[in-house]
Structures are given as C-alpha cells and as structure tokens.
Number of protein chains: 2
Amino acid sequence: MSMIETAAVEGGGSLHQRILSDISEKILSGAWAPGFRIPFEHELTAEYNCSRMTVNKALSQLAKAGLIERRRRSGSFVRQPQSQAAVLEIHDIRIEVEALGLAYRYERVARQKRRSSAEDRGLLELDAAGQVLALECRHFAGKRPFAHEQRLINLAAVAEAAEEEFLDIAPGPWLIGRVPWSEAEHRIRAVAADRHIAEALDIATGAPCLVVERRTWSAEYPVTQVRFTYAAESHTLVARFRPSQG
Amino acid sequence: MSMIETAAVEGGGSLHQRILSDISEKILSGAWAPGFRIPFEHELTAEYNCSRMTVNKALSQLAKAGLIERRRRSGSFVRQPQSQAAVLEIHDIRIEVEALGLAYRYERVARQKRRSSAEDRGLLELDAAGQVLALECRHFAGKRPFAHEQRLINLAAVAEAAEEEFLDIAPGPWLIGRVPWSEAEHRIRAVAADRHIAEALDIATGAPCLVVERRTWSAEYPVTQVRFTYAAESHTLVARFRPSQG
DNA sequence: CGTTTCAATATGTATATACATAATCGCCAT
DNA sequence: ATGGCGATTATGTATATACATATTGAAACG
C-alpha cells in the first residue's frame, strides 16, 4: 500500500483520483478502445492494493462522466464516443471586453414597464399575462459598440426589478446573484443586421451578426429572456471540451 | 432509518441521491441563498438518520457540480452563481437534418492529399510539416444545401484516412469511432458569405452565415480541423443548461 | 429439448471506523 | 494589545464489512 499511496500523493491527488486519471488516460489515448472490458473492481483492488470502495469511487465517476458503462455481473466497458457535446462558456460581457484589454462602458437605451404582450409571453414562455420590464442596452468596447442587448424581465418572478432603473448597472450582473437560476436555454445563430441593429452597433444594414438568445428559469418560473447581438467582426464564441475532467 | 429509506426509494434513487436533490432543490429555488451555510455533515447525518459517508457522498458531488463550496472547519456554503456555462451539443449533421424530417444527402466536392502548407499547420496547430488530407463537402437537407464543410485531417495522426475516398461516408462519422478524441475546441461566429460559400450553399454573396469551427486532439496530437458553414436561415444552435443534474 | 431454478458473480449502496488535514478559536505569555 | 500555540472542529480520504440487485451460466426438471 505504502508505495502506491506515495505515488498517488506524487501524482497530486488522492488514490481514487489517480485510478480515475490512469483509466481515463488509457481510454483517451486509445489504448483501451470502445467496447474494451476494463479490469474488474477486484482486479483493480489488487493492482492498486486498496479497498473496493476506493476503486468503486473512481469507476462510478467515470461512469457518470460517460467514459465507461457499467453492467452488473458483466463488468465495466469503454463506451463509444457519443455526442459531440461541448461546454460553452458564455461570460459576462464586461469580463469579455476587459479580457480584450479594452475599456468597458454600458449604456441603457430604453426601459419600459408594461403588461406583457402576446409576443412577450411567447419570448418568456409565460402562460398568463402579467407585468414585464423591457430593456434595451448597449455595451461598448473602447469607443465602439460591442453588443446590443434586448431583454425582458418577468416581474412576477423578480419584483424588485421594477424599482431598478438599470442606468449604472447592466441587467445581467444585476440579476446574477439576486436570482438563483436553475435552467437556461441558449440559441445561437447568424442574422443580417436590420436598420435598428445596424444603427445601434454602427455597422452596415445587412451585415452579418451573431445572435445569442438566452432564456432563464428559476425553479420552473421564467425569469428573463435576453437577446445579445454582436457585430460579426467583434465576436467569436469559444468552447473547449474534454470528455473527462483531468 | 426505515421510513427515510422508503421515502428515498419512492423518490426514485438512492439515499445519497435523495439528499443531493433535496439540497440542490433548496439552492435552486432560492430558499438557501448564495452564502448560506448548509447544515454540517453531522446534522444531515442526524436528519436523514444515515452515516456520514452517505452525506459526504452527496455533498462531494454538489461541490464538484459547483453548487456549494466546502471549507474545512467552517462548513459548506452555497456558491454564488458563477460562469454562465452551458452544455452545447453539436450533433452529427445527418442526425440534425433527419431530426428536421428532411432527407439527408452527402456530397464530396474535393479531396486533396498534400504536404501541409503554413496555413494548414496554423489551422491544425501543427509544429512540423507533414502530410494532410484536405476535404471539401456539402450536406443537403432535402434538395437544398444545408451545410458546407471544409476539413483538414492530420495524416500523421490518422494514417488510414489517406486510403479513404470519402465518397459515400462523411469524414465526421468516419473519424468518430475510429479515432478516440480527448479534446476539442469550438469557435462559433457569424460571417458574410464569400463567393465560394454563396455558390456552395446557393445563397447570395454577403448573406449572413453561421460558422462553427472545430479542432480535435487525441492525446496531444492534432487530429482534424473542420469548418462548417450554415446559411443563416437554416441553422440555430441550441444549448440547454442546468447547474445540477436532477 | 426447452424451461425453470438456483448459485455464482460484479456492481450498487450503506455502515462504522480511523486517521489526515486545514482552519478557527481561545488561552496564555510576552 | 498581540503574537504564538495547542485544542477543537469539519471536511477529506480510506478501510473492512455487509447486504441488495441484476445478470449470467449451468444444473435440474418436466
């Protein structure tokens, strides 16, 4: 036990962590191809000279990560690579702008409290009518407009937003931290700038723009719907993915 | 123990699973706000009448999921909602087209085996020169072109690709299952169609297009780089995210 | 020959226990 | 006051054990 434990400490983490990374290394390098039956728990127990619980912890995590599939009585098998899923991080715009080394500025263009229209209800996926707050904002990177934001907030879910003017703080950061969100849906697509967007972003009408729409729920209640429009040159979404965590 | 265990079975999963979902429900509903100190392990142990290991398993998973932060001697705390990370699923194009209820057709436009140019090496992030396979393909939904694909395959990593004509099978599905991939990077942006793309997708020059670029590595070796271009009307990426699994 | 039954097996979950580790609190001496 | 020091506390990891559960393979039986 002592030697292996030492190796585990040298490796940086705990023993079950080391077992986990050893196995995912074998899978990701291709040494253990899809369909391959990885050693039984009791074999790994012998190999690492540890208890079954420790091996089990590692294998359970690998199964939850989708790298292996476990079958009772049969063993654990390397899974076929499945869907091309990527973890896409969508940051706060201020952070994004500042990461580019540019000065960030925020501007509220319009704010309207109103009874939800049919269109509003469609965007928020609301069943019944109610008060909503409609906002239009611009985010600047240096002197140039970087993104245009069009947002609806469901006042039934976030009553305190009715009192906020959003002159100095953007609705995104305001909402985060105030409203716990349980679910979000993103839609990403390319569109041609209409006249309104073209003016707001200081680009030509018809120029390609990247649109990111997000709907957010908190425990079944729709909270907000927002549509960010970026001028094509100004923005690229980057997503990195690893099948397992190291 | 018996009553709680029964409740757990009714809840669908195991006891640690039930503890996990109880707590994430509290967090996501906002009942336990960010910063709130959730009960100590020994308190939950008493509440659920189970061992500390069982509670620990649930809390460890919550910590790994990012919902709580654990501090020795202090306890476990509800975390501030952090990054807006979303699980973006990028499927095989055939699947996407068929999900729309349209007939899928694949066409190989061009194929060239060549020594990597400086541009190729930049796209693949290759250090040294070597053989690459350059492919150009089109994917159809019904009669209309749906996506244009431009791909480089690093033949040093996938030698067998040199023998494949890719007339009947698209390179994506061919590569998946053959090459285990350990890492991928996506870049998503909007562009205006140039003449070549406009012709390939049968749209107007300058029309907005969604571009998804993907680079794939297998155990440190660059495998392939691909650029999909979609006509704006034809495509929206959808990503759904929950901070925890239910 | 087919079907039922049963034992063997690998994983799934939970327990009680032990010791390690990090952080905090309060006491004490300076 | 204040700076160090040890006790306390909560989490982190690992062990040995136990029983549940699903599945397979083989033996027993009609």
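Each chain gets a letter, A, B and so on, in the order the sequences are listed, and its residues count up from 1. For clarity, every value in this text was computed on a predicted model and none was experimentally measured.
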Nearest-nucleotide pick for B:Phe40, side chain only, options being D:dT15, C:dG12, D:dT11: D:dT11
B:Leu59 CG to D:dA10 C1', straight-line distance once rounded to whole Å: 11 Å
Phosphate contact (C:dT11 OP1 or OP2) by A:Ser76 side-chain N/O below 4.0 Å: yes
Base D:dT13 paired with B:Arg52 side chain (donor-acceptor, <3.5 Å): yes
A:Arg105 to A:Phe140, cation-pi by 6.0 Å centre distance and 45° axis angle: yes
Salt-bridge present (B:Arg71, B:Glu69; N to O < 4.0 Å): yes
Between C1' of C:dT17 and CE of B:Met53, the distance in whole Å: 11 Å
Quiz item: B:Arg70 side-chain donor-acceptor pair to D:dT11 base, under 3.5 Å: no
Rounded interatomic separation in angstrom, taking CD1 from B:Ile38 and C1' from D:dA10: 12 Å
Side chain of A:Arg72 (C-beta onward), nearest among C:dA14, D:dA10, D:dT21: D:dT21
Nearest to side-chain heavy atoms of A:His16, which nucleotide of D:dA10, C:dA14, D:dT13: D:dT13
Parallel, tilted or perpendicular, as decided by the 30° and 60° cut-offs, for the rings of A:Tyr106 and A:His139: tilted
Rounded distance (Å) that lies between atom P of C:dT15 and atom CG of B:Asn49: 8 Å
Base D:dG25 to side chain A:Arg73, donor-acceptor N/O within 3.5 Å cut-off: no
Integer-rounded Å distance: D:dT11 P and B:Ile68 CD1: 9 Å
Donor-acceptor contact present, side-chain A:Ser182 to main-chain A:Trp217, <3.5 Å: yes
Residues A:Glu185, A:Arg187: salt bridge by 4.0 Å N-O rule: yes
Between C1' of D:dA14 and CG of B:Asn56, the distance in whole Å: 11 Å
Separation of atom CD in A:Gln61 from atom P in D:dA14, rounded to whole Å: 11 Å
Presence of A:Ser74 side-chain N/O under 4.0 Å of D:dT23 phosphate oxygens OP1/OP2: no
OP1 or OP2 of D:dT15 under 4.0 Å from side-chain N/O of A:Thr54: yes
